[in-house]
Structures are given as C-alpha cells and as structure tokens.
Amino acid sequence: MLRGLPSTASLARFCQKLNRLKPLEESTMETSLRRCLSTLDLTLLGVGGMVGSGLYVLTGTVAKQMAGPAVLLSFAVAAVASLLSALCYAEFGARLPRTGSAYLFTYVSMGELWAFLIGWNVLLEYLIGGAAVARAWSGYLDAMFNHRIHNFTEAYVGTWQVPLLAHYPDFLAAGIIILASVFISCGARVSSWLNHTFSVVSLVIILFIIILGFILARPHNWSAEEGGFAPFGFSGIMAGTATCFYAFVGFDVIAASSEEARNPKQAVPVAITISLGLAAGAYILVSTVLTLMVPWHSLDPDSALADAFYRRGYSWAGFIVAAGSICAMNTVLLSSLFSLPRIVYAMAVDGLFFQVFAQVHPRTQVPMAGILVFGGLMTCLALLLDLEALVQFLSIGTLLAYTFVATSIIVLRFQRTPPSSSSGPASPDPSVKEYHSFSDHIQLVGTEQDLAPEPGQLRPALRPYLGFLGRYSPGAAVAWALGILVASAITLACVLVFGDSALHLPYGGYILLLLLSSVMFLFSLLILGAHQQRRQQDTFQIPMVPLTPALSILLNICLMLKLSYLTWLRFSIWLLIGLAVYFGYGIWHSKENQRELPELTTTRYVVFPSTNLEETVQTVQPPSQLPSQEPSPPVRESSWRPAHACSALTPPPQEP
C-alpha cells in the first residue's frame, strides 16, 4: 500500500457510512410536534397542494397546443400515472408516520447519502415552487387591476436588466409569502384552518364553473367540423399527459404532515387517495366544460376559463374565476410553506442539517427556525429572481423523489424484519429468540425457513423450479434483480424517449435494444416476484409489488429524460453544493454516526497476557459463553479490562 493512500478497510468503512440506514423505530407515534390533524385536514392539504393555478392555466394550454378536447384523456392518464407514486407515498406514510416524506423513506431503505440528496432537492423544490406561485398570484391580482401595481413599481422603483434577476422587484409576491409565513408559524391548527377556508372556497368555485359550463356546453365543438375530439391523435394525448402529470404534484404534503396526524396509519392512505381523486375529477370536468363551451382552437392559453365565459356573454363569471384562481394559489403556497420547514426539521433531527432547525417552539410546537430562515429565502427569491428559468427544477426534483420512493418500496418489502430488542433483563421480549451456540442458530434458522420464510428468501412453492436462486444468501438475488430493474428501466426509457433518430442507431439495432431492455425489465420483475415479501396486516400496503413501483420508476425516468440539458446542468450544480454540505457537516454530525462510536468501543477489548491459554480464553469470553466446569483458580483482575467505559455493558467473568 502506498503511503498516503487510504487502505481498503478504511474505504470500506467510508462506503458503509454513506449507505448506513436509519433504523425503523418501534415508538413511531412519539413526537415533539402536536398530533392534531384529522383525515379531513390531510385531505384538504392534499387538494390544496394539487389544485392550484394549473387548473386555470394548464387546461387551456394543453387543450390548444397539444391534445384538443382529448385533454380530458390526458388528465385521466396522468392521474393514473400519479396514482402509482401516490400509493408508494401512502404505504410509507402509514408505515412511518414521521415528518420527512421522501427524505425519510429513502433513509430507512436506501442509505444516508441518497436520503440527504433527496431531502436537499426537495428543499429547492419547495423554495422555487412557493416563490413561483407567489409571483403568479401577484401577476394575476395585478391583471385584475389593469396592471396598475406593475406600472407603479416601474415608475417609482425602476427596472433592471441583469441576468437571472426579474425586471422589477415584486413586493406584492414578497408580502404574500411573509403573511403566509406568519400564519404557518402560529401552529398546525391555525394553518390547517386557513387552508380549509381557501380550499372550500376554491372547490365551491370549481363546482360553479362545472355547472355553468355544462349549461353553456355545445357538443358541436367536439365535432369533426371543429377538428374532432382528438385532433393531434394518440401522440398529442401522450404529450399532454406528460405535461398534465405535473398538475398532480403536491400530494406528498400529506406524507410530510403524517407526524402531526392523529391516526396516521388510517388517515394518510385515505387522505392521499381521496385528494388525488378530487383533484383528478376537478381537472377532467373543468377541461371537459372548457372545450365544450368554445372551440378548442380559439382558446386563450393564458386565461382560458375567464375568456371562455367572456365570449359566451358571462363576463361577470370571469371575476369569480379570478377569485377561485387566487384562492387555489393561496392553498398551494400554504402547502409549500407548511412542508418546507418540516423537511428541514427532519433532516436536522437526524443530524444531517444544522441543529438550530431541530428546535420546536414550546407553545405552537412548530419548527420556528425553519419557517423564519426558509420563509425569508423564499421571500427573496420571489422579490428579486426571474423564476421562469428555474421552474423546471420543480420537475426534476419531484420526479427524482418519486423514483427513489418507488425504489424504496421494493427494498422495504424484501428487507428482513429487524430483530426486536428487549427493554431490559427484567422484561425480556418473547419474540426475541436466544441462540446459545452457532449450531443452534443454524438449526433454528433452517426450521424457520421451512415454516415461514423471511422476506428476501425464495418462495417455498417455487424452490423446486428455481433452485438455482436458493443457493444465494437471503436478499442477494433480490439486490441483483433490483439493480437490473433500475438499469433496464433507464435503458428502456432512453430508447422510448429518444428513439432511433436521437440515438443514431440503425433500425434493427433500435428494435434489438428495445426488446433486450424490455426482456431484462420483465425478467427482473419475475425474479423479484419469486421471493417472499414482508406482510403487515395493520398498515396499508400497495397491491402488485413489485409491478406497481416498477412502472412508477419507468414512468418517472421517462419524464426526467424529456427535460432539457440545461435543467440537468443546473441540477448537477445544486447536487454538488449539497454534497459539499453533506461531507462538510452532515456525515460527521449524523445521529447514526454518533450511534456507531459507542458501538465500536463496546466490542473492543484489551487482553493482557495471562498465565496460560485456558485463562486467556476465559478472559475474552463473556459469562454466557463459558463452559460449565469445576471452579478454577481466581482470574487475576488485570487480565481483563474494557477499552471503554461503555464496555461495562458486557461484564467480566465473576470470581468464584
């Protein structure tokens, strides 16, 4: 080994640090936050996070430029695709009712470094998302007053032409973020009540739009004379689906709020399912009445709903539509500000982020430091920056989080159940089996495998047919199959997105690569399905694992590959900044790192020379491993000594 280079053992320990897992705690209901949110609270939080300005802008844009009246099919397919990711969040939220969402789910299954990077990206997603919604809210309100606010700011403050900066400071957007942060800091009950108010008003206005829209509907607008129902064909519907998918981003706020839910095991899956169904119904019905009121090719992409009512002679309805859009954007902003400090709090509690963000206000029981700091950062973004170039960060960060959560579901299902530890010698846990020797351990493991195979082992019914898989250690075949699944999903997504033209492949090579990646994807699914999964009766579990999360992984990778290379470049720069934060602070202050230090010292003993070999063996062995024999001469006190005070947990042999 060359001097100055790290040894193989040190590199192995370093890699273990990066991939260490957060243990699944038994007492997951204990928290320093206040559990006060009901199923209705979580449902309205989810609806508020999904039904935002996209309902008033996205429907017209997709209908006119991508799908025509078939935009309702685009929303329907996007809702089904979003359901794949939502179910993964629902299972994790019910299983781990702690704040942290995708960050926590990745930490308990994939490893510490991956969890930090996911949390780091989610932070940026909420920051930019909240600032963008605030600027859209400001622009919409300014348009209602004939741009008087804009003109006043330019006249008395001025404009600037600086890259990445807005043309003028948006004081209205900054003010709404500050006001929302004040309400969020008052506690979960106050922010939930405010979200209730805006969500109910928004849903009532959406119901008004649907009813009046069906009254004014003209089926002729879907006829062949106007271009037909699907003027852009199947490809247009799929292109619209890729855009409509982002309309359903926001249900993760429910999982992020599970630590403040009263009954998270039941409330989280129900709230995610109902909120996604309500959002899908709203998008599908609004897009239906929009294309029935006026021809799809004459829609105004910027204000489709208000313009449609104006053209049908109901200009007064445009003010109701404007009020509904402002209420909807308020709920999205509240969702971002509600989730952001809680993600920071979860990372700080685990030691991966600065400890000041782990403090909770004693009266309101909210992470006040996170609200102040990141609310201030969001205010600065909305006030000064041009967010149009940064909005695509929302897409890549969200899709990456969805991909890791879906992968974590597969990992968690095939993970072996961690052994329970007894609370003390006086109250041992009957579920913990004590093995007195190595042969007893092998015998009991073999018996348990015959009776009830553990997760990650080959199913007993398939052992006669897939015996070659049984030769591997439990979990090894699953790990290889999962790696092949992700690699084949990336390859298949590249083939589907870029096609033979972008990859510069001959047609035969393109077909061969498509078939090969598809076969490997299906083969890995079959290998995973042949192994035993972890089953829990008391919590929600998604059906058809590993198929459901695998389809979610494939879909998310396809959507990520459709983003521009500039988005990937900016994303890489943000990742490098996150790696600097992790290796500079997080890896050293992690709770798992602090937990490893005493564990290393408890198992290290210093053995001093003894009079004979028999005495040395007695010195190293703990009392439970000593063979039964006649009393021997007293062992000298200096022959056994722990290297650390914590080693006293394993007592030295007692003198007879």
Side-chain angles (χ1 to χ4, degrees), residues 40 43-64 67-79 82 136-137 140-141 143-144 195-223 226 229-230 240 244 247-248 250 273-332:
L40 178 62
T43 302
L44 291 179
L45 273 176
V47 172
M50 286 183 280
V51 182
S53 58
L55 184 72
Y56 301 91
V57 179
L58 197 62
T59 49
T61 303
V62 175
K64 183 172 184 178
V71 61
L72 64 95
L73 295 181
S74 296
F75 275 113
V77 177
S82 300
W137 182 94
Y140 220 102
L141 190 64
M144 293 177 62
N195 181 76
H196 281 189
T197 305
F198 286 124
S199 296
V200 169
V201 173
S202 178
L203 290 176
V204 169
I205 293 177
I206 291 173
L207 187 61
F208 163 79
I209 293 172
I210 293 171
I211 294 175
L212 184 58
F214 273 116
I215 293 174
L216 301 176
R218 291 175 178 172
H220 176 74
N221 292 326
W222 284 9
S223 65
E226 299 291 346
F229 177 73
C244 295
F248 297 99
T273 306
I274 294 177
S275 61
L276 188 63
L278 289 175
Y283 279 110
I284 292 172
L285 291 175
V286 168
S287 60
T288 300
V289 300
L290 177 63
T291 54
L292 283 173
M293 281 195 296
V294 295
W296 61 270
H297 50 77
S298 63
L299 291 171
D300 182 6
D302 295 328
S303 56
L305 281 170
D307 182 69
F309 283 115
Y310 176 79
R311 293 172 58 186
R312 293 302 304 273
Y314 289 82
S315 56
W316 55 269
F319 292 98
I320 299 178
V321 171
S325 64
I326 290 177
C327 288
M329 284 185 278
N330 282 335
T331 59
V332 176

Original post:
Can you tell me how far CE of Met293 sits from CG of Leu216, rounded to the nearest 0.5 angstrom?
Top reply: 6.5 Å
**OP:** Please round to the nearest 0.5 Å and tell me the distance separating atom CG of Leu45 and atom OG of Ser199.
**Re:** 7.5 Å
Subject >> Shortest non-hydrogen contact between Cys244 and Leu58, atoms and distance >> reply: CA-CD2, 4.2 Å
**OP:** Considering non-hydrogen atoms only, spot the tightest contact between Thr291 and Gly68 and give its length.
**Re:** CG2-O, 4.3 Å
Original post:
Can you list the residues that meet the ring pair (Phe, Tyr, Trp, His ring centres under 6.0 Å) rule with Phe248, with sequence neighbours excluded?
Top reply: Tyr283
**OP:** Indicate yes or no: at least one non-hydrogen side-chain atom of Met50 is less than 4.5 angstrom from one of Leu276.
**Re:** yes
Original post:
Got a sec, which residues hit side-chain contact (heavy atoms from CB on, under 4.5 Å) with Ile211, two or more places apart in sequence or on another chain?
Top reply: Leu207, Ile215
Subject >> Any residue meeting side chain to side chain donor-acceptor pair (under 3.5 Å) with Ser298, in chain and number order, not counting sequence neighbours >> reply: Arg311
Original post:
Which distance, rounded to the nearest 0.5 Å, do you find between the CG of Leu55 and the CZ of Phe75?
Top reply: 7.5 Å
**OP:** Taking the side chain as every heavy atom from C-beta outward, state whether Thr331 and Val47 have any pair of such atoms under 4.5 Å apart.
**Re:** no
**OP:** Return the minimal non-hydrogen interatomic distance between Val332 and Gly48, and the atom names on each side.
**Re:** CG2-O, 3.2 Å
**OP:** Could you list the residues that satisfy side-chain contact (heavy atoms from CB on, under 4.5 Å) with Ser202, not counting sequence neighbours?
**Re:** Tyr56, Ile206, Cys327, Ala328
Subject >> Distance-minimising heavy-atom pair for Ser325 and Ala322 >> reply: OG-O, 2.6 Å
Original post:
Who pairs with Arg312 by salt bridge (charged side-chain N to carboxylate O under 4.0 Å, His left out), at least two apart in sequence or on another chain?
Top reply: none
**OP:** For residues Ala67 and Ser74, report the shortest heavy-atom separation together with the two atoms involved.
**Re:** CB-OG, 3.8 Å
**OP:** Using a 4.5 Å cut-off on heavy atoms from C-beta on, say whether the side chain of Val289 contacts that of Leu285.
**Re:** no
Subject >> Note, Leu305 side chain near Leu290 side chain (heavy atom, < 4.5 Å) >> reply: yes
**OP:** Quick one: which residue pairs count as a ring pair (Phe, Tyr, Trp, His ring centres under 6.0 Å) with a foot in residues 287-309, not counting sequence neighbours?
**Re:** Phe232-Trp296
Subject >> Separation between OG1 of Thr59 and CG of Leu299, rounded to the nearest 0.5 Å >> reply: 8.0 Å
Subject >> Set of residues satisfying side-chain contact (heavy atoms from CB on, under 4.5 Å) with respect to Ser223, sequence neighbours excluded >> reply: His220, Glu225, Glu226
**OP:** Using the test ring pair (Phe, Tyr, Trp, His ring centres under 6.0 Å), find all partners of Phe229 that sit at least two apart in sequence or belong to another chain.
**Re:** Trp222
**OP:** Please name all residues satisfying side-chain contact (heavy atoms from CB on, under 4.5 Å) with Phe319, sequence neighbours left out, ordered by chain then number.
**Re:** none
Subject >> Atom pair OG (Ser287) and CD1 (Ile210), whose distance is rounded to the nearest 0.5 Å >> reply: 9.5 Å
